[in-house]
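Structure, as structure tokens:
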There are 2 protein chains.
Amino acid sequence: MRTVNPEKHAVRRAAILSAAAEVFAERGYDGATTAAICKRAGVGSGTLFHYFADKRTMFLAIVADDLTTVTAGLERIDRTDPVRALDEVLGLLTADLGDPVAPGLAAAMIQLARRDPEFAATVIAKDESARRAVAALVVDGQATGAFAPDTDPDRAARWIVAITDAGHLISDDPGFDTATERAELRRIVASYLGRRRTPGPGLPR
Amino acid sequence: MRTVNPEKHAVRRAAILSAAAEVFAERGYDGATTAAICKRAGVGSGTLFHYFADKRTMFLAIVADDLTTVTAGLERIDRTDPVRALDEVLGLLTADLGDPVAPGLAAAMIQLARRDPEFAATVIAKDESARRAVAALVVDGQATGAFAPDTDPDRAARWIVAITDAGHLISDDPGFDTATERAELRRIVASYLGRRRTPGPGLPR
DNA sequence: TCATTAATGTAGCGCGCACTCCATTATTGG
DNA sequence: CCAATAATGGAGTGCGCGCTACATTAATGA
């Protein structure tokens with residue numbers, strides 16, 4: 001008789017996943033070959049497919065980790081102060097801004113989501129939950145007078161989430177400093193939602 | 001003797017390119033097969049490769065059209081009034097927001113740019129020129145007092161371009177109305193750059 | 001120690017891909 | 001009308017891919 005050692009199994013699995021994430025980030029979903037992942041992870045293809053059914057499953061596992069982290073984090077936020085809570089949500093959504101594989105993975109996710117409906121559903125679900133959380137906080141903030149009342153919460157939420165996603169895509173630009181740009185992103189959101197004392201000069205509509 | 005008919009040649013070429021753009025948008029760069037492009041364009045593979053050296057060249061041609069349109073448009077903008085000029089730049093950058101192939105092409109461009117340095121260079125060049133234009137207008141606007149002075153023009157320009165790009169990626173979301181969201185994008189930029197009379201409640205930094 | 005089976009590497013397979021070859025057709029100038 | 005050759009379609013090709021078959025090794029329980 002022989003049983004699986006779940007500890008060793010999990011370690012090996014995580015190592016492969018980590019290598020795979022790097023390759024996916026560098027080459028995109030289609031561009032990442034299983035051979036390259038094997039080489040990076042230092043295993044044979046037999047081992048790779050002993051741990052994962054196929055390439056798609058591997059990618060699913062990689063992004064699922066990230067998505068559950070975000071959604072779980074959203075649940076845990078204290079919503080008594082909407083301004084502070086929104087700040088925390090932004091922190092969550094930009095948590096992996098400094099991660100070197102983040103921009104590549106974001107691009108790969110966009111790539112796969114456009115033609116894999118099931119995968120798209122999971123990604124959209126995460127974006128949806130983030131949007132809902134932001135929209136609710138915008139409503140609260142408008143109620144307390146912290147945010148300008150003339151903003152549609154759902155529309156604003158969509159844009160705010162889109163902007164954080166945009167941040168991931170440019171986070172490997174030269175001169176991109178995580179802390180600085182995260183602060184700038186907060187400024188953008190704050191000015192977008194913030195109570196404007198006057199209509200301001202702004203841009204003509 | 002027989003000479004090429006440049007007119008017919010151009011028409012056919014454009015038709016193939018149009019079909020290719022649809023397929024690239026639907027399936028991504030790697031996912032788009034030359035067979036699918038042939039079928040969509042209603043031509044044989046011999047014809048396809050009679051007009052284009054390879055798949056990559058086709059994609060280059062598609063995006064080159066768009067890029068030159070933007071860069072040429074940027075040159076032509078009247079910069080006397082920075083606020084109005086910036087508005088026009090935003091209009092240029094969001095000109096194809098309603099184009100159904102735009103989000104897919106944007107995704108495909110991101111995909112290819114991550115592993116094709118030469119292609120990346122042309123895309124970056126367009127972004128760079130847009131950034132430079134925006135940054136210059138921010139400087140002008142700050143000089144005239146239209147924009148808040150405490151914004152780094154280069155950083156702001158990067159984010160503004162990134163936000164317009166983000167708009168393209170979400171422009172096929174359900175409920176996305178081009179005119180409405182373009183106006184919203186302008187509101188975001190206006191509030192971001194706009195002179196803030198007071199520091200405002202905003203989000204804590 | 002031994003039987004059992006999980007874990008692993010490797011050779012290779014089938015398939016779908018970008019692209020080519022070539023015979024045929026259409027279109028031009030003379 | 002007649003070359004000459006551009007234009008075209010489609011069969012075909014080589015190759016790189018995801019994935020599998022399988023032999024071998026290592027780890028476990030009895």
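Proteins come first, then strands; the chains are lettered A, B, ... in the order of their sequence lines, and each starts at number 1.
- For H50(B), there are no ring pair (Phe, Tyr, Trp, His ring centres under 6.0 Å) partners two or more places apart in sequence or in a different chain.
- Residue pairs meeting the salt bridge (Lys or Arg N to Asp or Glu O under 4.0 Å) criterion with at least one partner in residues 95-105 of chain A, sequence neighbours excluded, do not occur; the list is empty.
- For the segment residues 107-121 of chain B, no residue has any heavy atom less than 4.0 angstrom from an atom of DNA chain C.
- Taking the ring pair (Phe, Tyr, Trp, His ring centres under 6.0 Å) definition, one finds that F49(A) meets it with nothing, sequence neighbours left out.
- Every pair passing salt bridge (Lys or Arg N to Asp or Glu O under 4.0 Å) that includes a residue from residues 116-132 of chain B is listed here, sequence neighbours excluded: D173(A)-R131(B), R56(B)-D116(B), R56(B)-E118(B), E128(B)-R131(B).
- The minimum heavy-atom distance between A148(B) and Q142(B), with the atom names listed, is O-NE2, 3.0 Å.
- Across all strands shown, F52(A) has no heavy atoms under 4.0 Å from either base or sugar-phosphate atoms.
- Sorted by first and then second residue, the salt bridge (Lys or Arg N to Asp or Glu O under 4.0 Å) pairs with a member in residues 66-82 of chain A form an empty list; sequence neighbours excluded.
- In this structure, I16(A) places its CD1 atom 9 Å from P of dG9(C), rounding to the nearest Å.
- Judged by distance alone, the side chain of T94(A) and the main-chain N or O of L97(A) form no donor-acceptor pair under 3.5 Å.
- Aromatic rings from Y192(A) and Y192(B) are positioned such that their centres are separated by 6.0 Å or more.
- In plain terms, the two heavy atoms of A32(A) and V23(A) that are nearest each other are CB-CG1, 3.7 Å.
- Pairs passing the side-chain hydrogen bond (donor to acceptor under 3.5 Å, both in side chains) check and including a residue from residues 9-22 of chain A, sequence neighbours excluded, read E22(A)-R40(A).
- Chain B approaches DNA chain D over the interval dA4(D) to dA11(D), counting the first and last nucleotide 5' to 3' with an atom under 4.0 Å from its heavy atoms.
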Each nucleotide in nucleotides 19-30 of chain C should get exactly one letter: B, S or -. Can you fill that in based on protein heavy atoms under 4.0 Å? BB-----BBBS-

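- Other residues, nucleotides and ligands place more than 12 heavy atoms under 6.0 Å from the CZ atom of R182(B).
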Indicate every side-chain donor-acceptor pair of residues 41-48 of chain A with a distance under 3.5 Å to a residue at least two apart or in another chain.
none

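- For the pair A35(B) and G42(A), both in contact range of DNA chain C, the more 5′-proximal nearest nucleotide belongs to G42(A).
- Annotation: proximity of residues 23-33 of chain B to DNA chain C (heavy atom, distance under 4.0 Å) is found for A32(B), T33(B), numbered in ascending order.
- E184(A) meets the salt bridge (charged side-chain N to carboxylate O under 4.0 Å, His left out) test with R187(A); sequence neighbours excluded.
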